[in-house]
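Chain letters run A, B, ... following the sequence lines, proteins first and then strands; every chain starts at 1. Side chains are part of it too, since the values below use all heavy atoms of this structure and drop only hydrogens, waters and symmetry mates.
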Amino acid sequence: MTIAARNVGWSAGGRMVLDGVTLEAAPGQVLGLIGPNGSGKSSLLRLLAGLRRVASGVVTLDGRNIDRCPRGALARRVAMVEQQAATEAPVTVLDVVRLGRVPHRGLFSSWNAPDGALVDQVLCHVGLHALRHRLWHTLSGGERQRAQIARALAQHPQELLLDEPTNHLDVQHQLEILALIRRLPVTTVVALHDLNLAAMFCDNLVLLQNGRVRTAGAPADVLTRQRLLEVFGVSAHLGISPHHGRLHIQFLPPQPR
Amino acid sequence: MDPAARIGSRQAAGFNLIGVAAIVLLLGITVAVSVGEMSIPIGTSLQVMSNRLLGTGYEVGRIQDGIIWEYRLSRALFAAVLGAGLAVTGAVLQTLLRNPLAEPYVLGLSAGASSGAVAIAILGLGAGAISLSGGAFIGALLALAVVAALASASGGSAERVILAGIVVSQLFNAVTSYIVATAANAEQARGVMFWLLGNLSGVRWTDLALAAPVVLVACGMCLLHARALDAFAFGPDAAMALGIRIARVRAVLFGCTAAMVAVLVSITGTVGFIGLVVPHAARFLAGPGHARLLPATIMLGAILTVVADILSRILVPQQTLPIGVVTALFGAPAFAAILCRARRAS
Ligand SMILES: Nc1ncnc2c1ncn2[C@@H]1O[C@H](COP(=O)(O)OP(=O)(O)OP(=O)(O)O)[C@@H](O)[C@H]1O
Ligand SMILES: [Mg+2]
């Protein structure tokens, strides 16, 4: 058992944003959240992280209501990378990644060698070790995103929640980061816009539309020609790639009207 | 060097810096008790302080002893406490409100204190039962309550808190001006003006006995929350995701800093720029991590305010300027310099 949402509803600004959403991430697997802009992916991830309270239904961690988990314990288990992060503070990459150790350190315990070793390791994982002394505001968009991913990994979570972690990354880093996440023994829920990446790296997909789950299941079952047309309004050719053996989608340009 | 040793040596360097700062502060206080209308040799000042604090038996004149002990030492120590309190408040509010322009009076405390003070001094509210400081304290808390209510009614985000502070400050400043303009005679107006500008001349041991414990406890609470403040770098949601109980941290830190500033402003009036400039300078010296930033801010604030107090007494011969004038005269160019350097660094 791990993180799950049962019949979850949430509204904001007087509008129902999520309605009756149920999902469960299998331990150690990568669960992809897909859906058009505004379909509720980020909102759902915030509920799963316990950053917002559900209006109805329940989010559970190991079967326990997440609202009842103490904040600190939650942060030692669940790490989140938001769609965007911004700061005014003159922090370096190293400062950012070290934030990941905050939940693990006592009030008076000082920084220790295992903390440092872990931070060094995750910096290498995301390819930022050479840039670790650079200031945040001098980083490129993709470097910032990798710094936040490294921070989340430094939290040493069992559940990792990623909101479009690859949208600023070049193609090499997109593949590397997602492959890394697949390799790690953590349960991951990841919102993705790139459906080919979703098909390549996710064990299961949940397709959201207007705040509801449209379908869920294995990538090849969720992503069909008909659904892509209905939900995203695009036509595409789908097939199993002879190169990597997973579903591959070729999008077709819109028909001129 | 292995990482642990590197961190160890950095901590040692931090402690050394604090030690150096403490020595500079003591030197500053020694100079502060020596200068003034009647200047006293530094050696004599040291002897008086040693007699009084360490129980030694040096021969010193009674007048010199009296001046230093009754007037100047309490004032110098108060300046240090004032600077430490305002500076640490600025640093904490800049982080919590995620705004580099936040300063101790951003929550309306100074405007409220001014209204309270003039209500007592000019309108005679309280019929002599409440002192000017007492009125200022009540005014500060009143303004804070209005800001808090307004901010939470409008959603409670950092920007809303700042906007609420601006609105309430404008309102209370208008009340102050109204009272001064309609009810004060020239002498009263001048007296209030002097108080509004930030003034240490009336400070005695009783004031220090009131302010020092509050500032000490509040600074201690801020230091205890250093790591939580670090986690606010990317905003409240990110802090929450790192396990920080943000509502509690905010309540504790807003409460502590507000109590501290309310007490300080009620005794000395508004001393500007310390709370705005010192945290930026300290960030330059100690970096953004609050475990180093806050101690650096506290020490630097104390030192610079003691120096400002010295300047306020020697800049114009035979006359003491309000300390708020000195901090503004030097603080504004210092802030401009920091702004330009920050831009060159980025
Ligand atoms: N705090 C809020 N107040 C009002 N509306 C909100 C709020 N948060 C989200 N929404 C609305 O809820 C809907 C879902 O938002 P969400 O950010 O979850 O979408 P998303 O699937 O992540 O979209 P994207 O692909 O653009 O990131 C949007 O229509 C958004 O406008
Ligand atoms: Mg989103």
Side-chain angles (χ1 to χ4, degrees), chain A residues 42 45-46 48-52 69-82 84-92 94-96 98-120 135-138 144 147-148 151-152 154-155 157 161, chain B residues 1-8 10-12 14 91 94-102 155 158 223-249 279-280 282-284 286-293 338 341-343 345-346:
Chain A
S42 300
L45 284 171
R46 273 188 218 113
L48 291 176
L51 298 179
R52 299 284 182 277
C69 292
R71 252 309 136 214
L74 200 58
R76 285 188 285 278
R77 258 199 79 159
V78 182
M80 164 99 165
V81 176
E82 293 254 23
Q84 48 218 354
T87 184
E88 282 284 327
V91 287
T92 63
L94 199 55
D95 294 326
V96 173
R98 280 181 172 170
L99 284 179
R101 299 310 294 160
V102 166
H104 295 273
R105 297 171 64 196
L107 192 54
F108 296 105
S109 66
S110 58
W111 188 254
N112 60 30
D115 285 331
L118 180 60
V119 165
D120 275 345
L135 284 171
W136 171 265
H137 67 261
T138 68
R144 290 178 187 190
Q148 286 296 338
R151 186 268 306 151
Q155 272 175 265
L161 306 174
Chain B
M1 225 187 326
D2 76 286
R6 200 163 54 221
I7 288 153
R10 222 171 60 177
Q11 271 169 357
Q94 284 167 14
T95 298
L96 282 185
L97 298 176
R98 304 192 75 203
N99 191 318
L101 290 178
L223 286 172
L224 279 181
H225 286 84
R227 219 170 276 159
L229 286 167
D230 286 346
F232 272 87
F234 288 91
D237 271 356
M240 213 194 304
L242 289 172
I244 308 298
R245 298 188 334 214
I246 57 170
R248 204 191 57 113
V249 169
H280 287 287
R283 220 169 268 128
F284 213 79
H290 289 80
R292 286 155 52 84
L293 173 64
I338 290 172
R341 279 204 74 159
R343 188 182 150 202
S346 68

Legend entry - Side chain / backbone / both / neither for A241(B) at chain A, heavy atoms under 4.5 Å: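 Answer is both: backbone and side chain atoms of A241(B) are under 4.5 Å from chain A.
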Inset, instruction - Would you check, one step at a time, whether the test side-chain contact (heavy atoms from CB on, under 4.5 Å) holds for D237(B) with R46(A)? - result: CA-CA 9 Å; D237(B) 271 356; R46(A) 273 188 218 113; 4.3 Å; yes
Inset, instruction - Answer yes or no: is there a side-chain heavy-atom contact under 4.5 Å between E88(A) and N99(B)? - result: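 Result no, sub-4.5 Å side-chain heavy-atom pair not found.
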Inset, instruction - Compare all side-chain heavy atoms of D95(A) with those of D230(B) and state whether any distance is below 4.5 angstrom. - result: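 Heavy-atom side-chain distance check fails, nothing below 4.5 Å.
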Inset, instruction - Could you tell me which of P70(A), A86(A), A73(A), A79(A) has the largest number of non-hydrogen atom pairs under 4.5 Å with chain B? - result: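 If we count pairs closer than 4.5 Å to chain B, A86(A) comes out on top.
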Legend entry - Heavy-atom pair count under 4.5 Å with chain B, highest-scoring of Q148(A), R101(A), H104(A):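 Most heavy-atom pairs within the cutoff with chain B belong to Q148(A).
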Which answer fits [X], side chain, backbone, both or neither, if we ask what part of it has an atom under 4.5 Å from a heavy atom of chain B?
X	value
R52(A)	side chain
L51(A)	both
A85(A)	both

Inset, instruction - Mind running side-chain contact (heavy atoms from CB on, under 4.5 Å) on I246(B) and R71(A) for me, showing each step along the way? - result: CA-CA 10 Å; I246(B) 57 170; R71(A) 252 309 136 214; over 6 Å; no
Legend entry - Evaluation steps, side-chain contact (heavy atoms from CB on, under 4.5 Å), between F234(B) and E82(A): CA-CA 10 Å; F234(B) 288 91; E82(A) 293 254 23; over 6 Å; no
Inset, instruction - Could you tell me which non-hydrogen atom of L242(B) sits nearest to which non-hydrogen atom of A75(A), and how far apart they are? - result: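 Here L242(B) and A75(A) meet closest at C-CB, 3.3 Å.
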